[in-house]
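Beneath this line is the structure, given in structure tokens, with notes to follow.
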Amino acid sequence: MNKVTTFTALLMATAALAACGSTADNQVVANETSMDANMAAGNSMQMSGPFGEAEMRMDEQMMAAVGSDVGQNWLKKMIVHHQGAVDMSRIVLDQNPTADVAKMARETIAKQGKEIEDLQKLVQEGAPDQRSAELYRPAMMDMHQKMMAASGADISQTYMRKMLEHHKGAVAMSDVALANGVTGTLRSQIQKTRADQQKEIAMVEAMLRGEPMQSAMQQSGAKTAAQAKAEPAPADTAKAEPKAQPKATTAARPAEPKASAAPPAKAEPAPAASTCAPEHRAAGHC
């Protein structure tokens with residue numbers, strides 16, 4: 001009996017030690033995985049230079065922004081997207097960029113700030129729709145990875161390459177919204193944003209080829225900050241449009257009385273046949 005009890009105790013002790021060992025091993029693996037992830041994130045931020053923190057924050061906030069449908073998800077995510085461009089532009093201005101890139105950054109702050117205001121006018125609160133928010137995940141992930149990897153020979157070129165991927169991401173997200181049935185004023189805003197971002201892409205590509213910013217803007221059709229601020233937002237245009245007035249109903253006129261047919265003309269009596277004999281007529285008697 002004592003032998004059985006001792007053997008059982010040994011088995012239990014062995015199992016407990018094994019469990020402890022397994023738990024310890026799992027904890028080591030978890031810690032190593034966490035360290036690897038942190039190192040990867042750190043390396044990415046280091047590669048991204050002074051922009052890394054702003055890029056990571058933009059990505060996290062875009063993923064977390066959830067609206068009530070496909071269109072509202074585009075709005076909430078695009079507001080964060082544009083704010084990311086503003087943040088990165090402020091960073092580059094502190095890094096002694098070239099004159100053209102400094103001008104581009106100031107213009108970006110003004111233009112993206114104006115569009116953030118325009119987008120906020122269309123935001124409607126409602127129950128979060130995570131399912132439609134997921135439609136944007138591939139485009140956002142692709143943009144984030146390409147932005148983090150983008151770099152250049154100096155801070156100015158790095159900023160331009162990152163903004164190039166940033167603008168391309170906005171176009172891809174707009175394509176998702178347009179392909180999934182967004183209508184009305186919000187669709188007009190998405191189309192406007194998409195067109196503006198495509199012009200910005202063409203401008204940045206020209207600048208990366210060595211074109212001066214002024215020439216690049218003219219070639220691409222990109223707006224200046226002043227032009228962007230003067231342009232009415234689709235939300236404002238929709239409010240300004242006069243509502244269709246209901247057509248006034250005019251009382252039906254009473255039908256004109258039909259002209260009564262004229263009574264038939266009475267037939268004149270035919271002259272009575274003459275009974276005067278010829279000789280009497282000749283003599284003037286009849």
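If you read the sequence from its start, that first residue is 1, and numbering goes on from there. Owing to the predicted nature of the structure, the values given are computational and were not obtained by experimental measurement.
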Set of ring pair (Phe, Tyr, Trp, His ring centres under 6.0 Å) partners for His82, sequence neighbours left out: none

Results of ring pair (Phe, Tyr, Trp, His ring centres under 6.0 Å) for His167 - residues two or more places apart only: none

Only pairs under 3.5 Å count here: list side-chain donor-acceptor contacts from residues 198-207, not counting sequence neighbours, and write none if there are none.
unit_1: Gln198; atom_1: OE1; unit_2: Arg194; atom_2: NH1; d: 3.2
unit_1: Glu200; atom_1: OE2; unit_2: Lys111; atom_2: NZ; d: 2.6

With sequence neighbours excluded, tell me which residues meet side chain to side chain donor-acceptor pair (under 3.5 Å) with [X].
X      : answer
Arg137 : Glu134
Ser215 : Glu211, Gln219
Lys168 : none
Lys121 : Asp236

Cluster check Leu164, Val171: I/L/V/M/F/W/Y, side chain < 4.5 angstrom: yes

Exam field: side chain Arg187 to backbone Val182, donor-acceptor pair closer than 3.5 Å: yes

Short side-chain to backbone donor-acceptor contact, Ser151 and Thr158, under 3.5 Å: no

Qualifying side-chain hydrogen bond (donor to acceptor under 3.5 Å, both in side chains) pairs, either residue in residues 59-73, two or more places apart: Asn73-Ser132

Qualifying residues under salt bridge (Lys or Arg N to Asp or Glu O under 4.0 Å), relative to Asp142, sequence neighbours excluded: Lys146

Summary of salt bridge (charged side-chain N to carboxylate O under 4.0 Å, His left out) pairs that have at least one residue in residues 91-108, sequence neighbours excluded: none

Selection residues 216-229 - residue pairs positive for salt bridge (charged side-chain N to carboxylate O under 4.0 Å, His left out), sequence neighbours left out: Asp196-Lys223, Lys223-Glu231

Neighbour count above 12 (heavy atom, 6.0 Å) for Arg131 CZ: no

Check: Gln189/Thr185 side-chain N/O donor and acceptor closer than 3.5 Å: no

